[in-house]
K.L.:
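Have a look at this one before I ask anything.
Here is the naming used below: chain letters follow the sequence lines, and residue numbers restart at 1 for every chain.
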Amino acid sequence: MLSMRKSVTLPAVVMVTSVLLAACGNDGAAVNKVSEKTAVTSEAQTASQDTSKAGQEATAADYSVAVEGYRTFAVEQIDAFVKETEKFTEAVKAGDLEKAKLLYAPARMYYERIEPVAEALGDLDPNIDARDGDVEAADWRGFHRIEKALWADKTTDGMSEYADTLLSDAKLLRAKVETMDIDASLMVTGAVELLNEVSSSKVTGEEERYSHTDLYDFAANVEGAREIYNLLKDDLAAKDKQLNQQIADRFEALEKELAPFKDGDGYVSYEKLKDEDVRKLSQNLDALAEPLSNMGQVLGV
Amino acid sequence: MTENKQDSLKKPLSRREMLKLTGVAGLGLLIGGGGAGGLMALGRKGSSVAAVEPAAADKQGLPFYGKHQAGIITPAQDFICFAAFDVTAGSVEELRRLFRDWTAASAAMASGQMIGEHNTTLNTPPTDTGEAAGLTPSRTTLTFGVGPSLFDGRFGLKGPKPRGLRDLPAFAGDALDPQWCGGDLCVQVCADDMQVAFHAIRNLARIARGHAVLRWTQEGFQRTGRADPAGGTPRNLLGFKDGTGNPDTTDAVLMDRTVWVQPSDGPGWMAGGSYMAVRRVRMRVEVWDRSTLKDQEATFGRHRDSGAPIGSRGEFDPVDLQAKSTDGQPLIPATSHLRLAKGDGSQQILRRSYSYSSGLDPKTGQLDAGLLFISYQRDMDKQFIPIQTRLAKSDKLNEYTVHVGSAVFACFPGCKQGGYIGETLF
């Protein structure tokens with residue numbers, strides 16, 4: 001988590017810049033969406049190599065359908081996240097250990113699908129999702145703090161306050177996403193970041209070290225990346241059919257690799273994975289992330 | 001950006017041009033220049049050709065294209081990065097594409113160029129990972145082969161599986177660990193700089209993503225050209241010279257007889273190629289260090305200091321297996337490595353081994369160090385296998401070594417510019 005946060009600093013800055021650039025033209029652009037889109041596409045193609053300037057003003061209009069689609073998705077996910085977190089925190093506060101354990105991983109999936117959005121919003125991500133050691137011990141709160149109590153200490157004692165804070169952090173995320181500027185660049189970077197998240201902590205079983213529900217996060221991160229790709233794939237196919245096909249195939253391969261570990265509505269415990277399973281999942285993940293990381297250049301964002 | 005500059009961006013940049021362009025050049029070039037000058041000065045001081053050669057090849061690199069693959073009879077570089085891959089590709093078309101991409105990248109790296117076109121584009125991950133930027137080609141060679149498992153029917157390959165391409169038989173005393181064995185493909189990268197060698201393996205693994213995955217890797221080293229400007233026979237980690245009896249790689253007739261697969265040997269796709277045996281041989285260095293010099297010399301059949309056969313003075317003195325000591329025992333013991341490896345002299349292999357050190361064995365706290373044995377031969381059954389069978393049975397060295405890894409690969413013939421490595425098979 002911590003390392004990921006550092007790496008978002010850059011996109012976040014880029015984003016602020018594009019807020020400024022996009023702000024003035026935004027309203028008008030939305031109306032003209034369709035006609036502008038065709039014009040911009042051909043322009044982007046001629047620009048091919050020089051991506052440093054080319055995209056910029058075009059971006060907002062060019063991918064506005066995808067961007068709006070993603071905003072809708074993010075809001076839906078965060079709405080559900082707040083709702084499910086509320087159920088989870090209620091169970092914690094009511095001292096219902098077993099119920100809290102059942103609700104923990106499913107609630108987190110909504111968050112994991114849109115994690116790059118949260119990461120772009122300052123301290124929200126560490127407050128909600130920091131693992132033991134990511135932050136100063138005194139500042140540690142959020143899901144993983146409660147996870148430790150539920151699975152390692154086997155109690156909900158003393159968790160009431162953490163539960164309240166977690167819910168209010170979740171609600172704050174919901175409020176902030178409303179005014180957040182999302183652009184194609186954030187989406188593209190976010191898709192790769194989601195897979196990097198999986199690669200650096202979920203596939204190794206470090207994310208959910210007490211509950212071993214890592215595969216829930218794994219699946220959710222991949223679903224989040226898949227959503228972004230789905231929204232952009234037509235644009236991508238128009239510019240680079242081969243790359244698009246490669247990404248599609250490798251999503252499919254990874255999903256196929258993950259499928260046997262499904263268990264009812266959820267996933268088996270990370271502890272059930274053999275070394276060989278982990279290696280295969282990791283290799284399929286790397287195979288997908290590599291071409292996915294070229295999407296931005298091809299799209300010119 | 002002007003039209004012109006854009007065009008120049010499409011051409012591959014040398015690592016040095018790259019530095020100039022990005023404006024970091026000044027310091028790097030000064031240091032680089034000093035380094036190269038230093039090497040050449042060394043070459044002039046020393047009398048040996050070996051030390052001069054690397055300096056010259058440093059500038060343009062060794063040719064990647066040719067009748068044979070480089071890295072086989074090429075004088076051994078200082079470092080090796082070896083990797084075995086498993087293929088995950090589903091079709092021979094995909095394999096072909098992988099080898100085309102590997103060939104293009106390899107040719108670029110052998111001549112010190114950056115890989116790919118996007119090394120100055122800001123919104124995409126650079127096509128070259130960059131850690132070799134500004135470095136000389138360092139005599140990099142990249143040598144590719146295929147293992148027996150590639151012929152298991154997954155691919156409709158054009159050429160048949162060679163008779164001799166199969167997993168090595170179990171030799172006496174083998175303690176093979178699957179994590180150091182086999183592989184559908186292999187790449188042997190050798191270079192006079194470890195960072196340059198690592199860069200090559202890393203980039204090839206990156207290009208392979210989605211088509212092939214790493215199965216096992218091993219890095220290795222020997223004394224550098226700088227530490228031994230005279231270019232003497234390198235010593236292994238037991239302190240003995242290793243490779244004295246290697247066939248002369250400048251003798252083309254001998255190479256055709258011992259290393260290169262001939263058209264009459266079949267299959268046709270291997271003509272001009274060579275078979276590679278790889279063994280990861282762990283040395284029990286702690287045990288070795290407790291044995292007397294006399295025992296050590298009797299184990300190898302050579303004097304440690306000079307490398308000469310026991311009873312002789314010079315490293316390259318003819319080996320007299322009949323010589324007896326005053327008590328009537330052979331001077332070069334019957335179980336010595338030298339005597340058993342030589343046999344009746346009818347089998348020869350080209351050894352191209354490197355030492356390795358992989359930290360420590362967590363179980364015992366002892367060093368995990370030894371030899372990444374690599375040999376090239378025209379025919380596994382007539383060369384490597386009989387020699388190793390003999391050694392495994394009675395070599396006194398076996399007390400101090402244990403074979404933990406094993407693999408066999410058919411290394412392709414070379415290819416011309418415009419072609420690709422493996423084209424005769426795919």
K.L.:
Rounded to the nearest 0.5 Å, how far apart are NZ of A:K280 and OG1 of B:T88?
P.N.:
10.0 Å
K.L.:
Is there a side-chain contact between A:N294 and B:P125, using heavy atoms and a 4.5 Å cut-off?
P.N.:
yes
K.L.:
Would you list the pairs meeting ring pair (Phe, Tyr, Trp, His ring centres under 6.0 Å) in which at least one residue belongs to residues 181-203 of chain A, sequence neighbours left out?
P.N.:
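For residues 181-203 of chain A, and leaving out neighbouring residues, there are no ring pair (Phe, Tyr, Trp, His ring centres under 6.0 Å) pairs at all.
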K.L.:
For the CD atom of B:Q179 and the CG atom of A:D275, what is their distance to the nearest 0.5 Å?
P.N.:
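These two atoms lie 11.0 Å from each other.
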K.L.:
With sequence neighbours left out, write down each residue that passes side chain to side chain donor-acceptor pair (under 3.5 Å) with B:T217, or none if nothing qualifies.
P.N.:
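With sequence neighbours excluded, B:T217 shows a side chain to side chain donor-acceptor pair (under 3.5 Å) to no residue whatsoever.
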K.L.:
Quick check: closest heavy atoms across B:V213 and A:Q283, and the distance to 0.1 Å?
P.N.:
CB-NE2, 3.3 Å
K.L.:
Would one find more than 12 heavy atoms of other residues, nucleotides or ligands at under 6.0 Å from atom CD of A:E206?
P.N.:
yes
K.L.:
Select, from A:R279, A:Q246, A:E290, the one with the greatest count of heavy-atom pairs under 4.5 Å involving chain B.
P.N.:
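Highest number of pairs under 4.5 Å: A:E290.
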K.L.:
Would you please go through residues 218-228 of chain A and name the residues with a non-hydrogen atom below 4.5 Å from one of chain B, in numerical order?
P.N.:
none
K.L.:
Where do A:Q297 and B:T121 land on the side chain to side chain contact (heavy atoms under 4.5 Å, CB included) test, with the steps shown first?
P.N.:
CA-CA 8 Å; A:Q297 186 271 322; B:T121 313; 4.2 Å; yes
K.L.:
What salt bridge (charged side-chain N to carboxylate O under 4.0 Å, His left out) pairs are there with at least one residue in residues 79-99 of chain B, not counting sequence neighbours?
P.N.:
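For residues 79-99 of chain B, and leaving out neighbouring residues, the salt bridge (charged side-chain N to carboxylate O under 4.0 Å, His left out) pairs sorted by first residue read B:D86-B:R215.
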